[in-house]
Protein chains: 2
Amino acid sequence: MSHTTIKDIAVRLGLSTSTVSRALRNHPDISEETRKNVTKLAEELDYRPNLFAQGLKNQQSQIIGVIVPQVKHYFFSAIMSGITDVAYKAGYTVIICQSNEDFQREVTNAQTLLSQRVAGLLVSVSQNSDNLEHFDIFIRRNIPVVFFDRVPDCVNSSCVTVDDYQGAYKAVEYLVKQGYRRIAHIGAQDNLSISANRFKGYADALKNNNIPLDETLVVFTGLNEEHGMEGFDQLHARLDTLPDAIFAVTDPVAVGAFIRIKELKLRIPQDIALVGFSDNPVVSLIDPPMTTVHQPAADIGKTAAGLLFEHIQSGRQFQPKHVVLPTELIVRQST
Amino acid sequence: MSHTTIKDIAVRLGLSTSTVSRALRNHPDISEETRKNVTKLAEELDYRPNLFAQGLKNQQSQIIGVIVPQVKHYFFSAIMSGITDVAYKAGYTVIICQSNEDFQREVTNAQTLLSQRVAGLLVSVSQNSDNLEHFDIFIRRNIPVVFFDRVPDCVNSSCVTVDDYQGAYKAVEYLVKQGYRRIAHIGAQDNLSISANRFKGYADALKNNNIPLDETLVVFTGLNEEHGMEGFDQLHARLDTLPDAIFAVTDPVAVGAFIRIKELKLRIPQDIALVGFSDNPVVSLIDPPMTTVHQPAADIGKTAAGLLFEHIQSGRQFQPKHVVLPTELIVRQST
DNA sequence: ATCGTTGCCGCAATCGATTGCGGCAACGAT
DNA sequence: ATCGTTGCCGCAATCGATTGCGGCAACGAT
């Protein structure tokens, strides 16, 4: 038992495939009676249009591609959830690829999605992507691309980011106002603007509050939980006395540091304060609940998908936009 | 600038499309020199095969479809990560749909994936799916389907589950051995085997340890955090004295109860013990770290995807399998 | 009787890749 | 000179849906 085609319907009704096609698409040339016969039989035979044939003919798919570094991180899965919902309402299907922070895999993913002739592409680049040429061909072939969260220099394509600099600045300034002076930073040394901007917000907040930047208080390890542990270990090994407070580049990094601090039986925030970035659900549940910078994850997904569909629909005259969503400092008991 | 086709290459080299196609597929009929010319030009022109044309011709896609209730829940995103990795290695692309626990949306998703002519389907059914006819057509058309975690009666298709009954049984028996007697259950009243089996494990563990099942200690609300709060509220309103311990059907439900317990300033486990099911990362970080039943989420995804590819490759003679993965009780400080 | 109009439908080309079949050139063997 | 073989390649059909163009039947108008 194979798939029902338009031809099966045509033969059974003594019609041409043209007529069946038109009937299914409600073309005005087709009489009401024929249309009813066709749709009835199509339903009976469980007809589903072959999207290969449609795509081939129309040179367009109803698929959008998404490339994220890690599917299982809350931040990205929340974004994907937002994207998926917007796409569903627009009648599009979503192909999700994860690069696993691997540059080569990101390139392969992009090529696969190009072969799929996706109608558009949503990308958050992997951590060690210094080269973004694999996306150029989408631009050249006029396939809309929207970058989100982790973005390159957005010249020819739209971007959705949050205000990383402001978020970091406000968080660190808050720490200063609370009386903390030796404020450490665990960040990531990569090509990502989020890492750079959050570090810059940290540095500027210190500077503008007359606290010199102490380089021994800054380590660069990465963006995940294990990097948080590693970063804390480096600070612990390097310093005679631990810092007053730590501003971590992401919530997972903060959680990594949190685990180490707990292992050392230190009290938060009395011995050391801790601030993350993202507002993952987990950080509100740990003890003490952690102060963090809220990022509207689902909104990022929805906004990025919205921009993409806007671009798809308006075609060449679309002007790339750079949307910056606000962040918000969520003060909890870790500071 | 549109997509490069096999014809573009053929024209530029004065060859036929047949020859170009064969050259790209390393057909032995093609001379080494021609093959080199073709592959070189293909690279220069950034040729990517049109998967619509290939799919149409081969009546097969290199796409597998995945339907999950919720993308952003850790358990499912971890499974998806496993699936995505296995698929990537097998050269397949993954389309992910989320049903949002909505039956109608699950049906629509299935139809979309059928139109996409997916090579196979991985499904975890939504909570209120009492009717599974929308998957019958895949079976009839010989498209492999593997259900995971939330499965129907697996007769004609493969299934991957964990041992829900044993997991629940061991958890509740452990509570009994620890001396707890008034053990409540917050579960879900739905058509899912996971809910039924975990409740059955709970009930049997009590019975076999000579504790009568007290129906006032059992509430059925749902599978998510808000249902945990709701379930706890119902118990709180109904009972004069709260139970000794709560066995929750999932970790999110346990976390919901956890939040309420904390709000009431009760101590865990002195005033009330708490056990979840899944071993989400969050439950090891809260205070106290929560006892739970570990489910190997990534393994579920990998096993399900593995079974699917096995089925795809062996075709009609494949015998559906039902794989049950073991669970493990992780004892922490909440009991 | 001729013509124009309207309603309704079919022919055939098209999208891009694949592949069975056939065919030509070049060569050596007889 | 004829024949068979080998290497290499092209013709043309095919997958399923779409659509410009044309065409026929039926009808009323002149």
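Every chain is numbered from 1, with letters handed out A, B, ... down the list of sequences.
- Across the strands present, D/dA25 finds its partner in C/dT6; the criterion is a Watson-Crick or G-U wobble pair with both atom distances under 3.5 angstrom.
- In this structure, NZ of A/Lys7 is placed 15 Å from C1' of C/dG10, rounded to the nearest angstrom.
- For the pair B/Ser31 and A/Thr19, both in contact range of DNA chain D, the more 5′-proximal nearest nucleotide belongs to B/Ser31.
- If you check D/dC11 for Watson-Crick or wobble pairing at under 3.5 angstrom, you find it paired to C/dG20.
- Rounded to a whole Å, the CD1 atom of B/Ile6 is 14 Å from the C1' atom of D/dG10.
- Of the candidates C/dT18, C/dG16, C/dG10, the closest approach to any side-chain atom of B/Leu56 belongs to C/dG16.
- Between B/Asp136 and B/Arg141 there is no salt bridge, since no side-chain N of the basic residue sits under 4.0 Å from a carboxylate O of the acidic one.
- In this structure, B/Arg105 satisfies the cation-pi test against A/Tyr88, with its NZ or CZ atom closer than 6.0 Å to the six-membered ring centre and inside 45 degrees of the ring normal.
- The aromatic rings of B/Phe318 and B/His311 lie parallel to each other, their planes meeting at an angle below 30°, with 60° marking the opposite boundary.
- Separating the OH atom of B/Tyr47 from the P atom of C/dG16 is a distance of 10 Å, rounded to the nearest angstrom.
- Distance CD1 (A/Ile9) to P (D/dG16): 13 Å, rounded to an integer number of Å.
- A 3.5 Å limit on both hydrogen-bonding distances identifies C/dA1 as the Watson-Crick or G-U partner of D/dT30.
- Within 4.0 Å of A/Ser18, counting heavy atoms only, lies at least one base atom of the nucleic acid.
- The shortest distance between the side-chain N/O atoms of B/Gln60 and the OP1/OP2 oxygens of D/dC15 is not below 4.0 Å.
- Atom-to-atom, CD1 of A/Ile30 to P of C/dT6 comes out at 18 Å; the value is rounded to the nearest Å.
- In the model, B/Asn224 has a side-chain atom that pairs as donor or acceptor with a side-chain atom of B/His73 under 3.5 Å.
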Exercise. Under the salt bridge (Lys or Arg N to Asp or Glu O under 4.0 Å) criterion, do A/Glu32 and A/Arg35 qualify, and how do the steps go?
Worked result: CA-CA 5 Å; A/Glu32 185 57 21; A/Arg35 207 183 57 71; 3.1 Å; yes
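- Rounded to whole Å, atom P of D/dT18 lies 10 Å from atom CG of A/Asn50.
- In the interface, the side chain of A/Arg22 is paired with the base of D/dG20 through a donor and an acceptor atom under 3.5 Å apart.
- Side-chain N/O atoms of B/Gln54 include none lying less than 4.0 angstrom from OP1 or OP2 on C/dG16.
- Taking atom CZ of residue B/Phe52 and atom P of nucleotide D/dG16, one finds them 16 Å apart after rounding to whole Å.
- Here D/dC11 presents its C1' atom at 15 Å from CG of B/Leu15, a figure rounded to the nearest Å.
- Across all strands, A/Asp29 comes closer than 4.0 Å to base atoms (heavy-atom distances).
- Contact check, B/Ser16 against D/dC9: no side-chain N or O comes under 4.0 Å of OP1 or OP2.
- Relative to the side chain of B/Lys57, the nucleotides C/dG10, D/dC11, C/dG16 differ in distance, and C/dG16 lies closest.
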